[in-house]
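Let me begin by presenting the structure, written as structure tokens, before commenting on it.
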Number of protein chains: 2
Amino acid sequence: MTLIKPSTSTAHPTPPTSATTRMRVEDRRELVITAAMAVFGERGYVGATTDAVAKAAGVSQPYVVRMFGTKEALFLAVLHRAVDRLLTDFTAVIDANPDSDTEQLRLGLGNAYGDLLADRGLLLSLMHAFVAGSDPAIGATARAAFLSVYSLLRSRARFTAEEARDFLAHGMMLNTMVGMRMGLEIDDPVARELVECVSPINADLIVRLATDR
Amino acid sequence: MTLIKPSTSTAHPTPPTSATTRMRVEDRRELVITAAMAVFGERGYVGATTDAVAKAAGVSQPYVVRMFGTKEALFLAVLHRAVDRLLTDFTAVIDANPDSDTEQLRLGLGNAYGDLLADRGLLLSLMHAFVAGSDPAIGATARAAFLSVYSLLRSRARFTAEEARDFLAHGMMLNTMVGMRMGLEIDDPVARELVECVSPINADLIVRLATDR
DNA sequence: GTCTATAGGGCGATAGAC
DNA sequence: GTCTATCGCCCTATAGAC
């Protein structure tokens, strides 16, 4: 259930970051969700402002609210988008490796996760939702998202409960490294060892994501 | 690296400075930090208000600000308290088992972690700090806290890098379960399997922490 | 459909009494 | 040392023009 459509505005000479650019309503909605994902990932649900999302998307703040009704509804839309991408990418890996054993699948899914990590907003928005369980709507969405990924690993990828648990635990750890910008401490030998140990493949990415912006 | 002075020091008979003040300043400070830990754990750094902390501690909101200077300074005090408790408890387990092998130590430390989990505010305040790396001061404190725990596992507990990584990853996963209140979904067989798999010992606790309040 | 202007409410921090 | 009162800012959401 991919919600993203190929944007027709790629044919425009100027990137669709300005409100003056003619654009389909759906595309503009996509644009706002993408911008919101980055902002929510950066500042969290409460810390993010609809104004920051608006500025990032190149539209006015009231228009952002108008499109989604409330800030919370916008965040929920971001969460749905995030988990949708996660499930889509994981499913693609699983389907592309019908005869793989668990270890091969684990590596493939790990790579897919690393690719998703490159868009810091996606996994960090999810992470913020995970710790924001005190908000009923956000908590419910977060739990459903987490369980859907767990279910995918268990049924489609045929992981055991322990394999799925360890895979997800490792993912939480990676998210945490990016969230706290551990890459900033890469000159500390202890931090370097930790980062390299958590994910040798994504160590450089973790450093880059920490120094960005 | 103990950052806290023992508040229970009854070295000198508390001289009440005023008739209405029945508590030493230090004790009141402790009281506010404890209250703040619960509030920050519940609502996160941005979501928590100094007024909620004040109400929980039974003092006025301006007094909370005056004691710590700023809300951020209060949060940093909470973080220092949290990591201090973590290090203290872990060190006690390590020192109590000088001849234990890694597996025994892992179990002992896991139990200590479960005990800390019972105070939801402690680990969730840390968790909120971990994803709030965009704030420079909070991010720096969060990274230092994480690295100090990792170092403890590596040097004092003599874990390998992989053992320390897996232990911490498992901890992040537990925090996440509590933060998103996965215990609310315990009637869902999938959720139950997940919770029991993550920590059979603490499954009941996870459910209780989710339904509290 | 998208904007400007602004209402309305909440929050961190300050001033000052006691 | 601790309170009450309050300021001033920021943010979500609404109203209404174009």
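Letters A, B, ... are given to chains in the order of the sequence lines, protein chains preceding strands, and every chain is numbered from 1.
Summarising the geometry, the separation between CZ on A:Phe68 and C1' on D:dT14 is reported as 18 Å, rounded to the nearest angstrom. Rounded to whole Å, atom C1' of C:dT14 lies 16 Å from atom CE of B:Met67. Put simply, CG on B:Leu74 is 14 Å from C1' on C:dA13, counting in whole angstrom units. A straight line from CZ of A:Phe75 to P of D:dT12 spans 13 Å, rounded to a whole angstrom. In this structure, the NZ atom of A:Lys55 is 12 Å from the P atom of C:dC3, given to the nearest Å. Between the CG atom of A:Asp51 and the P atom of C:dT4 there is a distance of 11 Å, rounded to whole Å. In this structure, NZ of A:Lys71 is placed 4 Å from P of D:dT12, rounded to the nearest angstrom. If you take CZ of A:Arg28 and P of C:dG1, they are 12 Å apart, rounded to a whole angstrom.
Looking at A:Arg29, its side chain has no donor and acceptor atom pair within 3.5 Å of the base of C:dG1.
Candidate nucleotides D:dT12, D:dA15, C:dT14 were compared by shortest atom distance to the side chain of A:Pro62, and D:dA15 ranks first. In this structure, the nucleotide among C:dC3, D:dA13, C:dG12 sitting nearest to the side chain of A:Thr70 is D:dA13. Listed nucleotides: C:dG12, D:dG16, D:dG1. Nearest to the side chain of B:Val25: D:dG1. Across D:dA13, D:dC3, C:dA13, the shortest atom-to-atom separation from the side chain of B:Ser60 is found for D:dC3.
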Quiz item: Do A:Asp188 and B:Arg143 pass the salt bridge (Lys or Arg N to Asp or Glu O under 4.0 Å) test, and can you show the C-alpha distance, the side-chain angles, and the key distance before you say yes or no?
Solution: CA-CA 11 Å; A:Asp188 176 354; B:Arg143 292 190 293 275; over 6 Å; no
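Within 4.0 Å (heavy atoms only), B:Ala48 reaches sugar-phosphate atoms of the nucleic acid but no base atom. Within 4.0 Å (heavy atoms only), A:Ala54 reaches no atom of the nucleic acid at all.
The cationic group of A:Lys71 lies under 6.0 Å from the six-membered ring centre of A:Tyr45 and within 45° of the ring axis, placing it in a cation-pi geometry.
Each of A:Gln61 and A:Arg66 lies near DNA chain C, and the nucleotide nearest A:Arg66 is the one positioned closer to the 5' end.
Interatomic distance, B:Ile138 CD1 to A:Met180 CE, rounded to the nearest 0.5 Å: 13.0 Å.
Salt-bridge formation is not detected for the pair A:Arg192/A:Glu185: no Lys NZ or Arg NE/NH1/NH2 atom is positioned less than 4.0 Å from an Asp or Glu carboxylate oxygen.
Aromatic ring pairs are classed by plane angle as parallel below 30°, tilted from 30° to 60° and perpendicular above 60°; the pair B:Phe167 and B:Tyr113 is perpendicular.
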